[in-house]
There are 4 protein chains.
Amino acid sequence: MAIAGKTKKDVLLEFRTAEILDAARTVFAQRGFAGATIDAIALAAGVAKGTVYLYFESKRELFLASLREGVLALHAEVVAEMEAADSCEGKLHSFIAGRFQYFSRNREFFRIYYTEFSHLIAGTANSQPEFQDLYEQQAKLLESVLADGIAQGQLRPFDVPRTARMIYDLIRAALAQHILHGAGEAPEVPIATLYEFVWKGIGSK
Amino acid sequence: MAIAGKTKKDVLLEFRTAEILDAARTVFAQRGFAGATIDAIALAAGVAKGTVYLYFESKRELFLASLREGVLALHAEVVAEMEAADSCEGKLHSFIAGRFQYFSRNREFFRIYYTEFSHLIAGTANSQPEFQDLYEQQAKLLESVLADGIAQGQLRPFDVPRTARMIYDLIRAALAQHILHGAGEAPEVPIATLYEFVWKGIGSK
Amino acid sequence: MAIAGKTKKDVLLEFRTAEILDAARTVFAQRGFAGATIDAIALAAGVAKGTVYLYFESKRELFLASLREGVLALHAEVVAEMEAADSCEGKLHSFIAGRFQYFSRNREFFRIYYTEFSHLIAGTANSQPEFQDLYEQQAKLLESVLADGIAQGQLRPFDVPRTARMIYDLIRAALAQHILHGAGEAPEVPIATLYEFVWKGIGSK
Amino acid sequence: MAIAGKTKKDVLLEFRTAEILDAARTVFAQRGFAGATIDAIALAAGVAKGTVYLYFESKRELFLASLREGVLALHAEVVAEMEAADSCEGKLHSFIAGRFQYFSRNREFFRIYYTEFSHLIAGTANSQPEFQDLYEQQAKLLESVLADGIAQGQLRPFDVPRTARMIYDLIRAALAQHILHGAGEAPEVPIATLYEFVWKGIGSK
DNA sequence: CATGAATGAGCATTCATTCAT
DNA sequence: AATGAATGAATGCTCATTCAT
């Protein structure tokens, strides 16, 4: 009974949180951080303005939460996919394909993801350290694949961190073309093009 | 006399315009579009707030003008550099190196350039058609090099527009690392790394 | 049984009321009326926010109740003390000393008492007639002593109501110095100083 | 010409400042600090909300300015009046009478003056050090008169700072009765009553 | 032409109060 | 009776834009 009571509360909490988070993601994606208003988010979530503040401390916090949630889900999915691959090529392919698949299912989220990581790179406004961490987490994942590839002689030696960031940014760029300007095209072609480009760019021969 | 009078006027007009444009570039670069105020720009330009509106219709318009000016200068410089190169590799190298050189001399400008093209790609808030044109202008320049390379058999056949945009965005990303996080490092190494990566990625063998 | 049941209810009612009233007094004293929140009071009282509204109509009402309670207790104590004194001087001294003693034991309460009577006098925002009554009750007590003193020839004739209010306010001011800025000093000295000043000020010779 | 131009500007500046300050004084007096809104002040001043912020940094700053202005004017007037008196009694009388006269001409201002000094004494909310200074300035003025009186043997020896504050607060209390509840009565009677009260309270015999 | 004083729409945040459970 | 989630009105402050001088 105690469990049931607690669960009921938790369900509501999660439900509202998700509701608001979803609305926030949509509005932030459409209008950007500055352009989004709490009013609009509350309206989209179907709650009153004050309710948003029961679940999130501030506009910034809400924004970060919506970004964090998406990035963590992306990361989890990609990691799972990569673990299923056994070769170095396979892992790289999973890293790329996993991202394409995730964002194909979360198109609106890509806008915030792309924009905010651009801001992070440009050093504009935010500097949220947590942000840098999320970025690093992604890059490290790629670094480890590249380092393995070099160790196994499949890849030529190169500056791993620099190249990892380069590839990471390249994928972001290709994703932008596909997700935002791809008009619903199947992801196989761009994935193949990108994978080939990258593999050739770093391959040993 | 009519000519002289008009010229004098024009000189003043151009002078003021340049003065405001310079101030705007600096302030926008430092604080971003939302964070910049007309007050700050007017102060930096040494004119009164109202004067800014005699030369530019709105804050947005001023921002676009300062961006346009920089992009056109970049374009002109890169085109000149590329024309001096005769081979396909040389042109690609010039395209990359020219950008690094331009932005090494116009570091503050890079922030707006980078951020705003990110916004353009993300489709956030602006959609200024003129903007899209500036982007296309850059991409076309690259496309023509790639197309030539394929025609001459130096590059393997691939989807030219897609790849051109991908490379273009990759260069932007590498520039961001170099200009914003490179701590004054010489541009030769990142240029070489990037060039090699790209050339291998699209090369015929 | 009916009596027992009702009593049980009443006990709980009184208990809750007192609990909330105490919490309110503390919070109002610390943060002032505007600065206090129902949330904070409910927390301090160990009840839920909504519960406060079961016992008091509004924030203002709760504030008034906590003030009233304290003033009535003060009044009762001072009256008892004065009745024990037989001379006119003694009664005046009791009036002053009783206040010092009461507020020495209810320091936190003094802040609301002082502030709110200031507001009452200044005519700011409240005008609660009940409030005026509490004030008058105090003043009348003093008036009767003064009138007696004049009747017995110990005091020179003067405008009794005006002087009573003046003395009353003077005591409030001296209390403020003692309670809020006295750093725990013994009350004897300020009581003596004040009593002497007043007695000389109104004495017949 | 330069002077004229500057004057014109200054005149406008002073005019607006006074206009807003007047409106602020009235609104603050009627509704208190918390109850007053910038909107209401702007409306009363006949300007737009934003204009208020061209002349004053914040609501608090505006409030302080309106208080400061009044207190300084009061102080200047009282000092002038006291200098005209040559005896110790005369100076004390001027101190009292000057205040009654000033506030008779600035009734609305008395509300802020009274309330805010009460807050200062109660230690509520503000703590603005400047505030404490204004209070001290008044008290010192009185202290010097008392110290002179004792030195000349006209007054019995007593704790000067404590008594000065007591008298100062007593005057505030009497002023409150007269200004706020005196129904336009002539000031002579309360001045006389108060002066007599004080003089007897501190006199040597 | 240039100025800068004035405008007022716009927005994040708080909190007393209500009411379904 | 008690709870606490939800509400939404209220407000200080910013800043792009205008316009009288």
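Atom pair A:F15:CZ and F:dA6:P shows a separation of 10 Å (rounding to whole Å applied). Counting to the nearest Å, the P atom of F:dT17 and the CD1 atom of B:I41 are 11 Å from each other. In this structure, A:E61 places its CD atom 11 Å from P of E:dT13, rounding to the nearest Å. Taking atom CZ of residue C:F33 and atom C1' of nucleotide E:dA16, one finds them 10 Å apart after rounding to whole Å. Rounded to an integer number of Å, the gap from B:I38 CD1 to E:dA2 P is 16 Å. For A:D39 and F:dG8, the CG to C1' distance is 10 Å, given to the nearest whole Å. Atoms OH (C:Y53) and C1' (E:dA20) sit 18 Å apart, rounded to a whole Å. In this structure, the CZ atom of C:F63 is 19 Å from the C1' atom of E:dT17, given to the nearest Å.
The shortest distance between side-chain heavy atoms of D:S66 and D:E69 does not fall below 4.5 Å.
Pairing partner, F:dT18: E:dA5, with both Watson-Crick or wobble hydrogen-bond distances short of 3.5 Å. When both distances must be under 3.5 Å, the Watson-Crick or G-U wobble mate of F:dG12 is E:dC11.
In this structure, C:V52 and A:V52 both approach DNA chain F, and ranking their closest nucleotides by distance from the 5' end singles out C:V52. Of the residues near DNA chain E, B:L54 and A:L54, the one whose nearest nucleotide (by heavy atom distance) lies more toward the 5' end is B:L54. Each of C:G50 and D:V47 lies near DNA chain E, and the nucleotide nearest D:V47 is the one positioned closer to the 5' end. Summary of the strand contacts: C:G46 and B:A34 both lie near DNA chain F, and taking for each the nucleotide with the nearest heavy atom, the more 5' one is attributed to C:G46.
The backbone N or O of A:A40 sits nowhere less than 3.5 Å from a side-chain atom of A:K49 that would complete a donor-acceptor pair. Looking at C:T51, its side chain never comes within 3.5 Å of a backbone N or O of C:V47 through a donor-acceptor pair.
A donor N or O paired with an acceptor N or O is not found under 3.5 Å between the base of F:dT3 and the side-chain atoms of C:K49.
Annotation: F:dT21 and E:dC1 have their P atoms spaced 22 Å apart (nearest Å).
Contacts of A:Y55 with the nucleic acid, taken as non-hydrogen atoms under 4.0 Å apart, involve only primed sugar atoms and P, OP1 or OP2. Contacts of A:A36 with the nucleic acid, taken as non-hydrogen atoms under 4.0 Å apart, involve only primed sugar atoms and P, OP1 or OP2. Note on D:T51: a base of the nucleic acid sits closer than 4.0 angstrom, heavy atoms only. Residue B:K59 is in sugar-phosphate contact alone, with no base atom involved, counting any heavy-atom pair closer than 4.0 Å across all strands shown.
Taking 4.0 Å as the cut-off between side-chain N and carboxylate O, D:E116 and D:R111 do not count as a salt-bridged pair.
No cation-pi contact links D:R25 to D:F63, judged by a cut-off of 6.0 Å to the six-membered ring centre and 45° from its axis.
Between E:dA6 and D:R16, a contact under 4.0 Å exists linking OP1 or OP2 to a side-chain N or O.
Note: C:H119 and D:H119 have perpendicular aromatic rings, judged against thresholds of 30 and 60 degrees for the angle between ring planes.
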